[in-house]
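Note that the coordinates shown come from a computational prediction; the quantities given were computed from them, not determined experimentally.
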Amino acid sequence: MQFFTNFPAENRFRAANITLLIICLLLAACDRELAQDQAVSPARLIPKACWFETDDSWPESQCFMMEVPENYAQPADRTIRFPVVRFLAPERDPDKLPLLHLGAGGPGASLGLEPENASEWLWINYAAMTVDNGRDLIVMDPRGTGMAQPRLTCDEFIQDADTAYRQNLSPDEEARVFTFSMERCYSRLSKIADLTQYNSATVARDVEELRKQLGLEKLNLYGVSYASRYALTLARDYPDSVRALVLNSAVFPDIKYTQQLADDALAAYERGLRYCSENKTCNSRYPNLKQRLENLVQSLDENPLTVTVKHRFSDSEYPFVLNGQRLLRVLFQALYDENFYSDLPQLIEALENREEEPARAAVASFMEILLDPYFGDAAGISHFCYEEAPFVDFDKARASAAESGILGGAVRSDIDLIQMQCRIWAIPSASLRESQPVETSLPVLVMHGALDPVLRADDADKARRKLANHQWLLFPQLAHDVVSASNCAEQAAARFLDNPREPQRETVLVCREEELAGQRSANGAWSVPAVDGQAE
């Protein structure tokens with residue numbers, strides 16, 4: 001289910017590996033064991049005819065299904081598959097290693113490789129750093145998501161959400177509905193999949209097997225949102241297989257996002273409101289927005305408004321019952337896109353007047369995410385319950401949510417439901433290593449939007465300082481996924497991949513100032529400050 005979410009080796013661990021290495025050398029067994037592992041591993045890259053349509057503007061494409069053990073400790077048992085597409089640079093530079101896009105994040109989100117969803121978006125946002133620059137681009141859906149087999153989607157949740165949001169349910173009633181959804185989902189999927197095997201460390205192993213099958217010595221890694229955690233895990237577990245990392249709106253394993261969920265959600269709403277209040281023209285037109293939003297949440301909880309929308313997964317118009325708590329969820333999701341910030345004041349005023357039209361686009365987008373049949377809900381829950389929940393103090397999270405006021409209402413419900421999901425899944429927790437900073441000397445480019453609602457820039461700024469060899473670029477007027485929103489970010493990534501030692505900050509500052517000036521000129525938008533950045 002999709003909510004607001006999102007160590008160095010100890011001496012004993014290091015000593016154990018050294019001891020094992022000595023034993024292997026004494027017995028002259030290492031090479032033989034490696035050969036045996038490769039012999040019994042069922043990992044293979046299966047060429048396929050590409051399942052999506054292209055035109056002459058697309059680069060040449062190669063499509064595959066990657067087959068790996070579901071459980072690497074039992075390689076002779078069940079295998080699973082995930083899709084891989086390689087876009088070939090028309091003028092390939094043999095000295096430029098491919099860039100692997102590790103998926104859409106989530107965890108559980110589909111990259112959009114499905115036949116009905118595939119479009120040039122799969123490659124064009126990354127063309128400047130790959131196919132237009134002599135470098136192949138490889139994209140994939142991680143195990144359990146999108147076109148992977150099996151796809152671990154909670155159909156029960158989709159069905160129940162489709163029904164629930166047509167009705168005015170209290171938070172407790174919604175929680176009961178979705179708890180039942182998760183129970184049924186787990187009961188069904190646990191019969192066809194080992195849900196303990198869907199986590200970042202296992203995805204990293206999948207990618208390492210993919211690298212071997214592709215015959216590549218190293219890969220450049222691109223991670224956006226939760227997929228950035230996959231990139232960091234690969235850098236930790238398989239450093240010799242990685243050349244460089246580009247992290248876009250990064251998730252860091254040492255940040256307890258759920259524990260600070262209430263604070264982060266409040267901060268996101270307040271950033272959205274400040275976007276207007278700190279501008280004289282907007283503030284004069286829409287004064288006292290925070291108080292008005294709080295009043296609106298209470299008003300809609302008492303007297304919901306039905307917003308009729310048409311979305312991708314509805315055959316007809318969908319009657320979405322908008323109460324105050326659902327409004328908070330819709331707004332939070334909408335704040336992922338910086339273009340929504342200028343629309344927020346008008347939406348609040350329209351809903352005060354019981355006008356549904358300005359809310360339709362945000363509600364439709366919210367429902368399309370909830371009802372996406374390619375979202376691997378169960379895989380996402382497995383990730384969370386394995387590598388984040390064990391390190392969260394839920395009592396602290398609840399205490400913080402209890403103090404979050406009117407705008408924290410939705411978070412209070414979510415924290416309990418998140419913990420309930422992990423009780424249902426009942427999977428073993430990760431070792432402490434999965435909650436510690438990743439230590440790597442590999443070159444890393446970290447790009448973040450200051451308006452990011454789910455991954456606070458302050459947190460990313462602190463976490464990235466633990467990376468020994470990195471550059472940091474902060475974009476104040478961007479939210480989540482800066483590469484999709486700014487050509488300057490994509491061009492910075494391209495230059496970094498060509499030469500990870502080249503500082504990017506000054507070039508990005510100039511580029512972004514020009515980009516914002518062009519946007520203001522074209523749109524007549526409110527004046528906003530230019531980008532700030534830092535490269536270290």
Side-chain angles (χ1 to χ4, degrees), residues 121 124-129 132-133 222 224-225 246-250 267-286 289 331-347 358 361-362 365 445-461 464 470-497 502-536:
W121 183 89
I124 205 165
N125 275 352
Y126 321 102
M129 63 178 101
D132 289 348
N133 194 28
Y222 174 85
V224 58
S225 194
V246 176
L247 306 184
N248 173 11
S249 306
Y269 297 132
E270 289 171 355
R271 279 193 299 273
L273 298 170
R274 281 201 307 270
Y275 193 88
C276 178
S277 65
E278 293 180 354
N279 178 276
K280 291 182 178 179
T281 303
C282 184
N283 190 50
S284 175
R285 173 67 181 83
Y286 301 99
L289 273 181
L331 293 183
F332 189 90
Q333 187 62 51
L335 290 169
Y336 273 63
D337 183 352
E338 60 276 349
N339 295 315
F340 175 74
Y341 285 72
S342 59
D343 297 333
L344 178 59
Q346 179 187 5
L347 187 151
S365 177
L445 178 64
V446 185
M447 298 185 289
H448 215 86
L451 298 177
D452 196 316
V454 69
L455 306 169
R456 288 180 67 172
D458 289 348
D459 288 334
D461 188 17
R464 58 94 183 177
H470 80 283
Q471 298 188 49
W472 164 250
L473 298 174
L474 177 67
F475 296 81
Q477 295 306 314
L478 296 182
H480 198 69
D481 185 359
V482 299
V483 168
S484 294
S486 170
N487 288 333
C488 298
E490 183 186 2
Q491 292 163 11
R495 292 190 300 270
F496 171 80
L497 289 170
E502 177 187 349
Q504 298 302 321
R505 178 179 183 271
E506 295 302 324
T507 305
V508 170
L509 282 171
V510 174
C511 178
R512 186 62 178 151
E513 286 170 356
E514 294 174 352
E515 196 170 52
L516 286 170
Q519 291 172 3
R520 289 193 294 270
S521 176
N523 303 326
W526 306 325
S527 178
V528 293
V531 69
D532 184 20
Q534 193 170 4
E536 296 186 355

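- Pairing each heavy atom of A457 with each of H448, the nearest pair is CA-CD2, 3.7 Å.
- Distance check: L473 CG to L445 CG gives 5.5 Å after rounding to the nearest 0.5 Å.
- Put simply, the side chain of Q333 never gets that close to the backbone of S365: no donor and acceptor are under 3.5 Å apart.
- Annotation for A127 and E490: closest pair N-OE2, 3.2 Å, computed over non-hydrogen atoms.
- Partners of R274 by side chain to side chain donor-acceptor pair (under 3.5 Å), not counting sequence neighbours: none found.
- For R495, the side chain to side chain donor-acceptor pair (under 3.5 Å) partners at least two apart in sequence or on another chain are Q504.
- In this structure a side-chain-to-backbone donor-acceptor pair under 3.5 Å is present from R464 to D461.
- The closest donor-acceptor contact from the side chain of Y341 to the backbone of L335 lies under 3.5 Å.
- Distance CG/L344 to SG/C282: 9.0 Å, rounded to 0.5 Å.
- Of all heavy-atom pairs spanning G449 and V482, the tightest one is N-CG1, 3.5 Å.
- Minimum heavy-atom separation, L347 to P358: CD1-O, 3.7 Å.
- Ring orientation note: the planes of H480 and Y336 are nearly perpendicular, at an angle over 60° on the 30°/60° scale.
- Of the inter-residue distances, the one linking Y275 atom OH with N283 atom CG reads 14.5 Å to the nearest 0.5 angstrom.
- How far OG of S225 is from CG of D452: 7.5 Å, rounded to the nearest 0.5 Å.
- Summarising the geometry, atom OH belonging to Y222 is positioned 7.5 Å from atom CG belonging to N125; distances are rounded to the nearest 0.5 Å.
- Of the possible polar contacts, none joining the Q346 side chain to the Y286 backbone as a donor-acceptor pair under 3.5 Å is found.
- With rounding to the nearest 0.5 Å, the separation of CE in M447 from CZ in F496 is 9.0 Å.
- Minimum interatomic distance between A450 and P476 (heavy atoms only, all atoms of both residues): CB-CA, 3.3 Å.
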* To do: List the steps, then state whether side chain to side chain contact (heavy atoms under 4.5 Å, CB included) holds for V508 with R505.
  => CA-CA 5 Å; V508 170; R505 178 179 183 271; 6.0 Å; no
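- In this structure, R285 and P345 have side chains that are not in contact, with every pair of non-hydrogen atoms separated by 4.5 Å or more.
- Pairing each heavy atom of N133 with each of A494, the nearest pair is ND2-O, 4.3 Å.
- In terms of modelled atom types and a separation under 3.5 Å, the side chain of E338 and the main chain of A479 share a donor-acceptor contact.
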